Amino acid sequence: MSIGYACLAVGVKDAGFKSCTMKNADTERLTEITEHNLRTLENIIEFNAANNIKLFRITSGLVPFGSSPVNNLPWHEMFEGRFLEIGKKIKDSGMRVSMHPGQYTVLNSPNDDVVKRAVEDLDYHCLVLDSLKAGQECKIVLHVGGVYDNRKSALERFVRNYMRLKENVKNRLVIENDDRMYSIEEVLETGIALNIPVVYDNLHNAANPCGSQSDDFWISQCNKTWKAADGKQKIHYSQQDPSRKKGSHSEFIRVKEFMNFYGQVKGENLDIMLEVKDKNLSCVKCINCTSERNINILEKEWGRYKYAVLEKSPSLYQEIRHLLKDKEKYPVVEFYELIEGAMTEEMNKGHAINAAQHVWGYFKNTATQKEKDEFSKLVSDFMRSESDLLKIKRMLFKLSFKYGESYLLDSYYFLF
DNA sequence: CACCGTCAAGTCGCA
DNA sequence: TGCGACTTGACGGTG
């Protein structure tokens, strides 16, 4: 069982991808961005390896306009060596990677130009994985596509167009239920007919259900479509954002809800891809909650969360400190539940200033007079509602960098 | 340097 | 028939 996250890592140094617009996509810019994005991918892979994360989705934007005539660079030859280096790091750490073309890659369209672009886009995704020398268990996840007023012929067209794909693309392609068009039942029928694996997505099934079967039921149905060469069965797991419309991914994984789900499926041998806004943060959380670890892990996590908690709730901050006192225990679920409680608190100016002062404590003796003046001005501006908290945090982050406070540089305080 | 409109894709639903 | 919504983060131009 591995738990992973998609595309981006938050709070990781030098881990931002770049892109460009079509009209700026000249050879020089495309080369530079590809080079940059490969370095970014490598940094994220190294972060994953260091944090015991064994499942990761690579962003489709890795090579800008990778499947468009706008980009006619032989990028996989130009960067062959870089792909091999990164691919080796992936393999050496035991990581499984995947890719997932977006909603605009539609293989079953009645418009043949659209289909042609979809085929080219799948070729591109496959070439990225091939260039990394990723095994056949590293999949490309695709939705079935549109309905066009006739589900039966639309599904038949998917089957026909699938046959047009190259063998190495076919070997990686898996299909997923979506939140509007094709329910898990229809995707399963298609997967069985084509003999390709099916990825079950729990939130899509909640938005676009068929019958009232449990997640566990559909997961075991999908399990039958995964052959040995395809690797472990994969599913997508996400939770509804309570304040946004149906189908929106939550900011973070609510640990209690996740553990309830996990209790039902832990007997299966699954890889779980999380789709969640805070990415690696919830991923680390879920890994910590489902594996045998010790309190050192929680103390490390606490070091990163503590000021983010303090600025929302001093009382929960104290409660967590007490929870971590007993070094023989590993109260992981309680720990994260308390953090979640703090993160959902409304912002309170007094608490926010208090936390900012705690962080300022790292610098107040070493800071220059100019920095001291600037900090107190930002604080009083914030109290008078003349500026926002972001400005204070931005300054504190800069100081952390300048004075080499690596403990603070890793803090999630600067992310929220 | 902060802010916000634009980009890029294909389909569906509603005038 | 045509256009807005859907989705996403970063670009890129403005003030």
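Given the structure is predicted, the values throughout are model-derived calculations rather than measurements. As a basis for the values below, the full set of heavy atoms in this structure was taken, side chains included, without hydrogen atoms, waters or symmetry mates. In what follows, chains are A, B, ... by sequence order, proteins preceding strands, each numbered from 1.
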Practice item. Could you check how far CZ of A:Phe397 sits from P of B:dC1, rounded to whole Å? Key: 15 Å
Check your understanding: What is the distance from NZ of A:Lys18 to P of C:dC11, rounded to the nearest Å?
Key -> 7 Å
Revision key, fill the gap. The contact string for nucleotides 9-15 of chain B, one letter per nucleotide 5' to 3', using protein heavy atoms under 4.0 Å with B, S and - for base, sugar-phosphate only and none, comes out as BBSS---
Check your understanding: Quick one: which of A:Lys306, A:His358, A:His351, A:Lys393 gives a side chain to side chain donor-acceptor pair (under 3.5 Å) with A:Glu311?
Key -> A:Lys393
Check your understanding: Taking the six-membered ring for Trp, are A:Tyr413 and A:Tyr307 parallel (under 30°), tilted (30 to 60°) or perpendicular (over 60°)?
Key -> perpendicular
**Study point:** Euclidean distance, atom CG of residue A:Leu389 to atom C1' of B:dA2 [Å, nearest integer]
**Key:** 17 Å
Check your understanding: To the nearest angstrom, how far is A:Asn71 atom CG from B:dA8 atom C1'?
Key -> 15 Å
Check your understanding: Is the A:Trp302 ring parallel, tilted or perpendicular to the A:Tyr317 ring (thresholds 30°, 60°)?
Key -> tilted
Review point. Between A:Glu156 and A:Lys152, does at least one N-O distance fall below 4.0 Å, as a salt bridge requires?
Key: yes
Review point. Between A:Arg394 and A:Phe65, which is nearer to the 5' end of DNA chain B once each is assigned its nearest nucleotide?
Key: A:Arg394
Review point. Are A:Lys377 and A:Asp381 within salt-bridge range, i.e. N to O under 4.0 Å?
Key: yes
Check your understanding: In whole angstroms, how far is the P atom of B:dA8 from the CD atom of A:Glu120?
Key -> 18 Å
Exercise for review: Please work out whether the ring planes of A:Tyr412 and A:Tyr305 are parallel, tilted or perpendicular, with thresholds of 30° and 60°.
Suggested key: perpendicular
Check your understanding: Any salt bridge between A:Glu137 and A:Arg96, counting N to O under 4.0 Å?
Key -> no
Study note, to complete from the structure: In whole angstroms, the gap separating C1' of C:dA10 from CG of A:Leu62 amounts to 16 Å
Practice item. Let me know, please, whether A:Leu8 or A:Thr21 comes out on the 5' side of the other along DNA chain C by nearest nucleotide. Key: A:Leu8
Check your understanding: What class does the angle between the rings of A:Trp360 and A:Phe375 fall in, given that below 30° is parallel, 30 to 60° is tilted and above 60° is perpendicular?
Key -> parallel
Check your understanding: Has A:Lys277 got a side-chain N or O lying under 4.0 Å from the OP1 or OP2 atom of C:dT7?
Key -> no
Exercise for review: Just call it for A:Lys245: base, sugar-phosphate, or nothing, with non-hydrogen atoms closer than 4.0 Å on any strand.
Suggested key: sugar-phosphate
**Study point:** A:Glu32 CD - C:dA10 P separation (whole Å)
**Key:** 16 Å
**Study point:** Charged N-O contact under 4.0 Å between A:Asp130 and A:Arg172
**Key:** yes
Review point. Closer to the 5' end of DNA chain B via nearest nucleotide, is it A:Cys20 or A:Asp388?
Key: A:Asp388
Extract from the structure each pairing of a protein N or O with an N or O of nucleotides 13-15 of chain C at less than 3.5 Å, listing the distance.
none

Review point. Separation of A:Asp278 atom CG from C:dG9 atom P, in whole Å?
Key: 13 Å
